[in-house]
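In what follows, a single structure is set out as structure tokens and then discussed.
Treat the numbers as computed from the prediction; the structure is a model and nothing was measured. Below, all heavy atoms of this structure are taken into account, side chains as well, without hydrogens, waters or symmetry copies.
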Amino acid sequence: MFDIVSFQLFLITVLIICITPGIDMMFILNRSISQGRDAGIYSALGVSVGAVVHTILSGLGLS
């Protein structure tokens, strides 16, 4: 069973992982720099839609 110290460590770890930029952020940044603002916005929308679809499929047990 987890105690409160382990839970606090878990929360800190999750926060650090969430604020660390990943490959999707690098993709959006690269597209924004090389092709402009519109391409960056479309890339961000695409990444977000992909995450939502993955979340839905995961919730349904298909992922």
Side-chain angles (χ1 to χ4, degrees):
M1 192 60 104
F2 292 112
D3 58 351
I4 194 68
V5 175
S6 297
F7 185 68
Q8 289 172 347
L9 181 62
F10 171 75
L11 285 179
I12 291 169
T13 305
V14 167
L15 288 174
I16 289 172
I17 290 172
C18 285
I19 64 172
T20 303
I23 193 71
D24 54 348
M25 185 61 163
M26 296 303 161
F27 170 71
I28 295 167
L29 185 62
N30 185 22
R31 292 276 305 228
S32 296
I33 290 172
S34 65
Q35 298 178 2
R37 180 180 176 201
D38 288 340
I41 290 172
Y42 291 136
S43 298
L45 288 173
V47 168
S48 298
V49 168
V52 167
V53 169
H54 180 73
T55 302
I56 291 170
L57 292 176
S58 182
L60 294 173
L62 301 173
S63 177

key: Least distance between heavy atoms, Gly40 atom then Ser32 atom   = CA-OG, 3.1 Å
note = Per side chain to side chain contact (heavy atoms under 4.5 Å, CB included), Val53 is matched among Val49, Ile56, Thr55 by Val49
query = Hey, what do you get for CD1 (Ile16) to OG1 (Thr20), rounding to the nearest 0.5 Å?
reply = 7.0 Å
query = Is Leu60 reachable from Val52 through a run of I, L, V, M, F, W or Y residues, each pair having side-chain heavy atoms under 4.5 Å apart?
reply = yes
inquiry  = Please determine whether the number of non-hydrogen atoms from other residues, nucleotides or ligands lying under 6.0 Å from atom CD1 of Ile23 exceeds 12.
reply    = no
query = In terms of hydrophobic clustering (I, L, V, M, F, W, Y; side-chain heavy atoms under 4.5 Å; direct or indirect links), are Val14 and Leu11 co-clustered?
reply = yes
ask   = Rounded to the nearest 0.5 Å, how far apart are CD1 of Ile17 and CD1 of Ile12?
value = 12.0 Å
task = With rounding to the nearest 0.5 Å, note down the distance linking CD1 in Ile41 to CZ in Arg31.
result = 12.0 Å
